[in-house]
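The structure under discussion appears below in the form of structure tokens.
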Amino acid sequence: MEDKGISKTEVFRQLKEFKKKDMTHRSGKILGSMCTCPHPVGLRAYQMFLESNLGDPGLFKGTKAMEDEVITLLGDLLGKQDIHGHIITGGTEANIMAMRAARNSAKLENPGIKDPEIIVPKSAHFSFKKAADMLCLNIMEAKLDSNYKVDVNSIEEMLSKNTVAVVAVAGTTELGKVDPVEDISNICLENNIYLHVDAAFGGYSIPFLTEIGYEFPKFDFKLKGVCSITIDPHKMGLAPIPTGGILFREKKYLDAMSIETPYLTEDRQSTIVGTRTGASTAATWALMKYLGREGYKKVSNQCMEITKLLYEGIIESGFEMVTEPQLNIVAFKSKDISVDELARRLENLGWAVSKSSYPRAIRVIVMPHIKEKHVKAFIEDLKSLNL
Ligand SMILES: *Cc1c(COP(=O)(O)O)cnc(C)c1O
């Protein structure tokens with residue numbers, strides 16, 4: 001750092017230079033991200049609460065009341081009003097919190113557990129590997145079936161006296177698949193094992209799409225075995241980043257990981273992060289109130305319509321789908337060139353695509369910033385590759 005500061009004008013001139021190098025969602029070129037343009041109402045609410053710290057809720061009673069209301073609204077969306085949880089930074093933090101709650105609860109019930117294990121689908125988000133590393137858990141990967149959903153038998157075979165949690169995914173990160181959560185819930189109830197559902201991506205769309213008439217398996221708190229759910233407002237919820245949500249069926253799961261806080265306005269804290277922004281909560285609250293179910297139904301329906309358009313265009317252009325889309329994610333490959341080579345050629349044409357690891361494919365997430373015109377331009381470019 002220099003001794004003397006530079007002028008405000010110069011600071012902002014330089015900031016604009018950095019910004020020029022960033023991509024924008026609005027350009028429609030970002031095809032491989034689960035983030036999107038934050039909704040203007042969410043942005044405004046976010047800016048209003050930049051000062052509030054939910055790590056010290058006694059000082060920000062209004063923001064705390066908003067968080068409580070948001071958790072109830074999210075619980076209502078996911079099958080149970082009377083719910084406990086927090087608005088945090090995202091799906092990663094939510095999944096780490098869930099695994100921590102599961103491990104601690106299992107150890108309270110059964111202090112004999114020496115080598116705690118979690119069972120996650122092979123399709124689970126990599127955040128569970130971070131959780132396993134931080135919490136000293138063995139991680140077991142359950143097999144997938146031919147549609148890339150978890151194979152329930154594989155989970156059952158892996159259960160042991162050391163299992164502290166089973167994870168199911170509602171909207172996998174790579175392919176948008178929804179696991180057969182009901183069967184898994186029954187198995188977990190029978191064996192008295194904690195079940196966490198990672199609906200970071202699907203949580204904000206499956207309930208709305210179901211109301212419109214799309215068919216999905218049950219995945220939420222209506223299933224008695226589900227102990228916690230991750231849901232990310234900063235994905236299909238249109239909130240600015242960083243905004244995640246973690247919901248628990250019972251308060252005892254939060255208590256199982258709460259730590260005494262000596263000098264704050266609350267006595268105990270269960271979140272990983274201490275100082276915690278209230279802005280994310282305000283944005284989530286504002287968007288749920290402003291858009292309502294109708295607004296979110298429209299958003300998720302539009303994404304599905306555009307997904308269909310993209311799907312048909314890709315097939316028409318001579319490429320191969322690796323699986324049928326269940327949510328707004330399309331994964332495809334070429335018969336003639338490798339996935340890496342196809343990605344490279346698309347990147348040369350200005351598209352930021354991403355690649356799925358299992359199965360290897362180009363993966364396009366049709367987030368709300370992807371409009372019909374972008375899909376049409378993308379299809380044109382696919383055809384121009386002459387594959
Ligand atoms: C995006 C995602 C995560 C991770 O969320 P972050 O907000 O990036 O931390 C976890 N699980 C699933 C299923 C996801 O799609």
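Whatever order the structure lists them in is the order used to number ligands and atoms, beginning at 1. Predicted, not measured: the structure shown is a model, and the values here were computed from it. Starting from 1, each residue takes its place in the sequence as its number.
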Could you tell me which atoms of ligand 1, counted from 1 in the order shown, lie closer than 4.0 angstrom to a heavy atom of F201? 15 (O)
Taking only heavy atoms of N95 into account, list the atoms of ligand 1 that are under 4.0 Å away from them. 10 (C), 11 (N)
So for ligand 1, is D198 a polar contact partner (N or O within less than 3.5 Å, distance only)? yes
With the threshold set at 4.0 Å, does a side-chain nitrogen-carboxylate oxygen contact exist between E380 and K376? no
Examine ligand 1 and decide if any of its atoms is less than 4.0 Å from a heavy atom belonging to E93. no
So L77 and R293, do their side chains get closer than 4.5 Å, heavy atoms only? yes
Looking at ligand 1, does any of its N/O atoms fall within less than 3.5 Å of an N/O of D232? yes
Can you list every pair that meets ring pair (Phe, Tyr, Trp, His ring centres under 6.0 Å) and has a residue in residues 328-384, with sequence neighbours left out? H25-H369, Y148-Y358, F319-F332, W351-F378
Under 4.0 Å from any heavy atom of G171, which atoms of ligand 1 are there? 13 (C)
Give the numbers and elements of all ligand 1 atoms closer than 4.0 Å to a heavy atom of G91. 4 (C), 5 (O), 6 (P), 7 (O), 9 (O)
Minimum heavy-atom separation for R360 and K333, please, with both atom names. O-CD, 4.2 Å
Out of H125, M34, K235, whose heavy atom sits nearest atom 2 (C) of ligand 1? K235
T92: numbered ligand 1 atoms lying under 4.0 Å from its heavy atoms: 4 (C), 5 (O), 6 (P), 9 (O)
When you compare the side chain of L31 with that of L346, does any pair of heavy atoms fall below 4.5 Å? no
Does the side chain of Y204 reach to within under 4.5 Å of the side chain of I231, using non-hydrogen atoms? yes
F49 and F60 aromatic centres sub-6.0 Å: no
